[in-house]
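Questions regarding the structure given below will be posed in turn.
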Amino acid sequence: MSPNAPDTRAPLLVWTALAIVYVVWGSTYLGIMIVIETMPPMLSGSLRFLTAALLLGGFLLIRKGREPFRMSPRQFGGAALIGLLLLTGGNGMVAVAEQHISSGLAALLVAAVPLWLVVFRIVFRDRPAVLTLVGVLVGFGGVAALSLTGGGGAGESSGTQGIVVILVASLSWSVGSFLSARIPMPSNVWTASTIEMFAGGLGLLATGSLLGERLDLASVSGRSWAALAYLVLVGSLVGFTAYTWLLGNAPISLVSTYAYVNPAVAVLLGVLVLNENITTQMILGGVVILVGVALVVSTERRAKSRTPVLEEVKV
């Protein structure tokens, strides 16, 4: 089914899958925050993605045999590179940043990823619509407001460090998203995801080890283990499966709304579960970012049935 084709499945299934993407991907920021309470950020991320890769890869081998894994070296290398950019540089840096800033603020700043993708298109001489450019300017205005004010915090150096790290994470995530549609990749989306998670997990393992991270199993709380299991089974597997199903069974204009719902879910969960402080600056800056993202997404989906702005893999 083409991305903008009318949905032929029961509306209940579509909205159930969409609700999963809304809540699951919005909740991963909370899950990461709980995991890193007693686990190092890089090594815990490595555990998450290597486990998810083994589960998904094993499922593919059982169901389809070796056929899904037949690919060229360039396709394998392309998927591995995307995994390093999205998961090691992107998701790994999010976990590092959440040591210094709230999960809600992290989610709001990561919401700027679609804006970065438009910037990359401009660099490669792809001219977006005027309203898309307006959305980028508006969205980055919100990013600047949150970054300069620290989300309304006291301006401590740790908060500034966290904001810098999350912006680097967003940039890495954006580069990976942009390249994913432009370099050789495995034809099977599940195979590509398996390789991405495996490569990203190895990258996190190597980076964490080089930075001196050590995982002391005796000091890990049951709460952190439960959050890690949630990230593996629900965040990486259920959420991605729901998203992939939606791409084939619902209009992309509906699916793409996750880009500005996930941050709101993340902020709400951070307040309810972790008692995170939400400031006026966070609310105003977040609203500005989401308005910019909404303008970009809505303009792009009218201009084309599918654009690089919407080519983002979340695992």
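Values reported hereafter were calculated over all heavy atoms of this structure, with side chains retained and with hydrogens, waters and symmetry mates removed. Being a predicted model, the structure only gives us computed values, none of them experimental.
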Next on the checklist: Run the side-chain contact (heavy atoms from CB on, under 4.5 Å) test on T51 and L228 for me, step by step, so that the C-alpha distance in whole Å, both residues' side-chain angles and the decisive distance to 0.1 Å come before the verdict.
Outcome noted: CA-CA 10 Å; T51 302; L228 182 63; over 6 Å; no
Item to check | Within 45° cone and under 6.0 Å: R182 NZ/CZ vs F178 ring | outcome: yes
Checklist entry - Backbone N or O of V143 within a donor-acceptor pair of the S147 side chain at under 3.5 Å? => result yes
Item to check | Hphob cluster co-occupancy, L109 + L137, side-chain heavy atoms under 4.5 angstrom | outcome: no
Item to check | Over all atoms of both residues, closest heavy-atom pair of L205 and S46 | outcome: CB-OG, 3.3 Å
Item to check | Audit row: Y29, S102, side chain to side chain donor-acceptor pair (under 3.5 Å) steps and yes/no | outcome: CA-CA 9 Å; Y29 297 92; S102 70; over 6 Å; no
Item to check | Test item: E213 side-chain N/O and M42 main-chain N/O as donor-acceptor pair under 3.5 Å | outcome: yes
Checklist entry - Between W190 and F240, is the gap from one ring center to the other below 6.0 Å? => result yes
Next on the checklist: Measuring only between side-chain heavy atoms, which start at C-beta, is T38 closer than 4.5 Å to S219?
Outcome noted: no
Next on the checklist: Donor-acceptor check, side chain of S170 to backbone of V113, threshold 3.5 angstrom: yes or no?
Outcome noted: no
Item to check | Shared hydrophobic cluster for V134 and I289 (ILVMFWY, side-chain gaps under 4.5 Å) | outcome: yes
Next on the checklist: Once rounded to the nearest 0.5 Å, what's the spacing between atom CE of M39 and atom CG of L47?
Outcome noted: 6.5 Å
Checklist entry - If every non-hydrogen atom of P128 is compared with every non-hydrogen atom of V118, which pair is closest and at what distance? => result CG-CG1, 3.7 Å
Checklist entry - Can you check whether L233 reaches V238 side chain to side chain, under 4.5 Å on heavy atoms? => result no
Item to check | Residue pair E37 / S221, side-chain donor-acceptor N/O under 3.5 Å | outcome: no
Next on the checklist: Less than 4.5 Å apart, side chain to side chain, heavy atoms only: is that true for Y243 and W25?
Outcome noted: yes
Checklist entry - Given L43, which of L215, L204, L211 fulfils the side-chain contact (heavy atoms from CB on, under 4.5 Å) condition? => result L215
Item to check | F69 atom CZ, neighbour heavy-atom count above 12 within 6.0 Å | outcome: yes
Next on the checklist: To the nearest 0.5 Å, what is the distance between OG on S174 and CZ on F120?
Outcome noted: 5.5 Å
Item to check | Verdict with reasoning, M33 to L274, per side-chain contact (heavy atoms from CB on, under 4.5 Å) | outcome: CA-CA 9 Å; M33 185 68 83; L274 300 176; 3.4 Å; yes
Checklist entry - At what distance, to the nearest 0.5 angstrom, does CZ of R121 lie from CG of L133? => result 9.0 Å
Next on the checklist: Can you give me the closest heavy-atom contact between M93 and V165, atom names plus distance?
Outcome noted: O-CG1, 3.2 Å
Checklist entry - Backbone N or O of S27 within a donor-acceptor pair of the N262 side chain at under 3.5 Å? => result no
Checklist entry - Do L12 and T16 have side-chain heavy atoms sitting under 4.5 Å apart? => result yes
Checklist entry - Does T279 use its side chain to pair, donor to acceptor, with the backbone of M282 at less than 3.5 Å? => result yes
Item to check | Test log, rule side-chain contact (heavy atoms from CB on, under 4.5 Å), inputs N91 and R48 | outcome: CA-CA 11 Å; N91 195 280; R48 172 188 175 184; 3.5 Å; yes
Checklist entry - Does the distance from a Lys or Arg side-chain N to an Asp or Glu carboxylate O, for E67 and K64, drop under 4.0 Å? => result no
Checklist entry - Hey, any chance L84 and F49 share a hydrophobic cluster, counting ILVMFWY side chains that come within less than 4.5 Å of each other, even indirectly? => result no
Item to check | Backbone of V220 reached by a side-chain donor or acceptor of S224 within 3.5 Å | outcome: no
Next on the checklist: Would W15 and Y22 count as a ring-ring contact (aromatic ring centres under 6.0 Å, His included) here? Give the steps.
Outcome noted: CA-CA 10 Å; W15 283 104; Y22 282 170; 7.5 Å; no
Checklist entry - At their closest point, which heavy atom of G31 faces which heavy atom of A227, and how far apart are they? => result O-CB, 3.7 Å
Next on the checklist: So W116 and F140, do their side chains get closer than 4.5 Å, heavy atoms only?
Outcome noted: yes
Checklist entry - In Å, rounded to the nearest 0.5 Å, how long is the span from CG of L60 to CG of N188? => result 6.0 Å
Checklist entry - Are any of the side-chain heavy atoms of W173 and L85 separated by less than 4.5 Å? => result no
Next on the checklist: I need the minimum non-hydrogen distance between G200 and T88, along with the two atoms involved.
Outcome noted: O-OG1, 2.9 Å
Checklist entry - Can you list the steps and then say if I34 with W225 is a side-chain contact (heavy atoms from CB on, under 4.5 Å)? => result CA-CA 9 Å; I34 295 175; W225 281 121; over 6 Å; no
Next on the checklist: Could you check whether any side-chain heavy atom of V130 comes within less than 4.5 Å of a side-chain heavy atom of T299, counting everything from C-beta outward?
Outcome noted: no
Checklist entry - S180 and M185: which non-hydrogen atoms are nearest, and at how many Å? => result O-CG, 3.6 Å
Checklist entry - Considering only heavy atoms from C-beta outward, does the side chain of S44 approach that of I36 to under 4.5 Å? => result yes
Checklist outcome for this item: dist M197:CE -> L87:CG (nearest 0.5 Å) comes out at 8.0 Å
Checklist outcome for this item: One should read off an interatomic distance between I278 CD1 and I283 CD1, to the nearest 0.5 angstrom, of 4.5 Å
Item to check | Linked, directly or transitively: V271 and I32 (ILVMFWY side chains, under 4.5 Å) | outcome: yes
Next on the checklist: With a 4.5 Å cut-off on side-chain heavy-atom distances among I, L, V, M, F, W and Y, is there a chain of contacts connecting Y258 to V24?
Outcome noted: yes
Item to check | Other residues, nucleotides, ligands: >12 heavy atoms within 6.0 Å of F198 CZ | outcome: no
